[in-house]
S.K.: 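Take this structure first; my questions come after.
Atoms considered below: every heavy atom in the structure, side chains included; atoms not considered: hydrogens, waters and symmetry mates. Since this is a predicted model, take the numbers as computed values, not measurements. Just so you know, ligand 1 is whichever comes first in the structure, and atom 1 is the first atom listed for that ligand.
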Amino acid sequence: MAYTTADLGASLPLLASGKVRELYEVDSKTLLFVASDRISAYDVIMQNGVPNKGKVLTLMTAFWFEYLQKQIPVLKTHFLGLKVPDSVSQQAQEQLRNRSMLVRRLKIFPVEAIVRGYITGSAWSSYKKTGEVNGKKMPEGLRESQEFPEPIYTPSTKAELGQHDENISTEDAAKIVGEKYAKRIEQLSLQVYSAAKEYAKQRGIIIADTKFEFGLDEETDEVVLVDEVLTPDSSRFWSAQTYALGQSQESFDKQYLRDWLTKNGLKGKEGVEMSEEVVKNTSSKYAEAFQILTGKSLEEATR
Ligand code: ATP
Ligand code: MG
């Protein structure tokens, strides 16, 4: 059964509910970050969920935080652990197991830190028209899905629920969060992406692009990596085996759902119920990506 909404009763105060997650307050410094099985595409939430998706997001994010911490010792993350707080009911404990994480409560910077290693999606559309991506001239003659000479940083705004994020220049990002923090966010984003890209490539997944969020630890003035990281929801994952230039790629992420919606004239429509087949295939794509990246099946990891 897909888990689409949390039922924690009154045991923890609900602070926010996003497209995919619920955020609960544990204490003044700690939050419980819960990934449901909800799935959104083109900024609209589907009526039904994808079984185990929330577990994949949570355990994959935890995997990456641990890996990245080892690779980049100066990196700070919001991750505190996978333990479910004792204060939630027995029934909720069972629901939350492997789909929630304890995180540090931070002031979130209102920009999405997007890094692109390969040209696709909105960047490809813009390049075809203007030769530019986020207002920056790109080399001539790039083909669809080609790797950029260097990964590029293309921030966007963080829109409210129901709104769309908008691409902005790095100068605009600096106006929103301040020059000092903007630089740090860009630098960390590129560093984290490069470390992850290299690891994933060896295992057979190309991380074409990804989105990070950062928060500020106001006590230490440190920029901290938050939210989910390097998951099929926040990234484009391609199969390295079937990768080919000049075309769209076989992917482990929401592209399959997006294509289904587009083909059926459902793109951007509210209240869409995914067919059983779409649910099943999406669920297995997420589980497959998990196994390729972590080396463990989801079943093993959640035992
Ligand atoms: P977004 O497009 O920003 O991800 P969303 O609707 O997809 O929006 P969810 O992913 O469902 O949101 O919920 C996660 C929310 O929790 C995001 O708004 C994110 O900024 C916020 N968040 C992540 N980590 C923290 C943290 N450590 N402290 C406070 N808020 C956090
Ligand atoms: Mg999110």
S.K.: With heavy atoms of Val20 as the reference, note each atom of ligand 1 found under 4.0 Å away.
M.R.: 11 (O)
S.K.: Should one rank Asp227, Ile108, Leu225 by closest heavy-atom distance to atom 31 (C) of ligand 1, which comes out on top?
M.R.: Ile108
S.K.: Any idea which part of His78 is under 4.0 Å from ligand 1, heavy-atom wise: side chain, backbone, both or neither?
M.R.: side chain
S.K.: What atoms of ligand 1 come closer than 4.0 angstrom to any heavy atom of Leu106?
M.R.: 28 (N), 29 (C)
S.K.: Can you name the side-chain hydrogen bond (donor to acceptor under 3.5 Å, both in side chains) partners of Gln71, sequence neighbours left out?
M.R.: none
S.K.: Please check if Ile114 and Phe109 belong to a single hydrophobic cluster, counting links between Ile, Leu, Val, Met, Phe, Trp and Tyr side chain heavy atoms closer than 4.5 Å.
M.R.: no
S.K.: Considering Glu22, Arg105, Arg38, Lys158 one by one, which has a heavy atom nearer to atom 18 (O) of ligand 1 than any of the others?
M.R.: Lys158
S.K.: Under 4.0 Å between a Lys/Arg side-chain N and an Asp/Glu carboxylate O for Glu147 and Lys201?
M.R.: no
S.K.: Purely on distance, is any nitrogen or oxygen of Asp165 under 3.5 Å from one on ligand 1?
M.R.: no
S.K.: Pick, from Arg21, Lys211, Glu112, the option with the minimum heavy-atom distance to atom 4 (O) of ligand 1.
M.R.: Lys211
S.K.: Taking the hydrophobic residues Ile, Leu, Val, Met, Phe, Trp and Tyr, and joining any pair whose side-chain heavy atoms are under 4.5 Å apart, which ones share a cluster with Leu106?
M.R.: Ile108, Val224, Val226
S.K.: Would you mind listing which atoms of ligand 1 come within a distance below 4.0 Å of any non-hydrogen atom of Leu31?
M.R.: 28 (N), 29 (C)
S.K.: Does Tyr199 have its ring centroid less than 6.0 Å away from the ring centroid of Trp64?
M.R.: yes
S.K.: Can a side-chain donor-acceptor contact be found between Tyr24 and Ser11 if the only test is distance below 3.5 angstrom?
M.R.: no
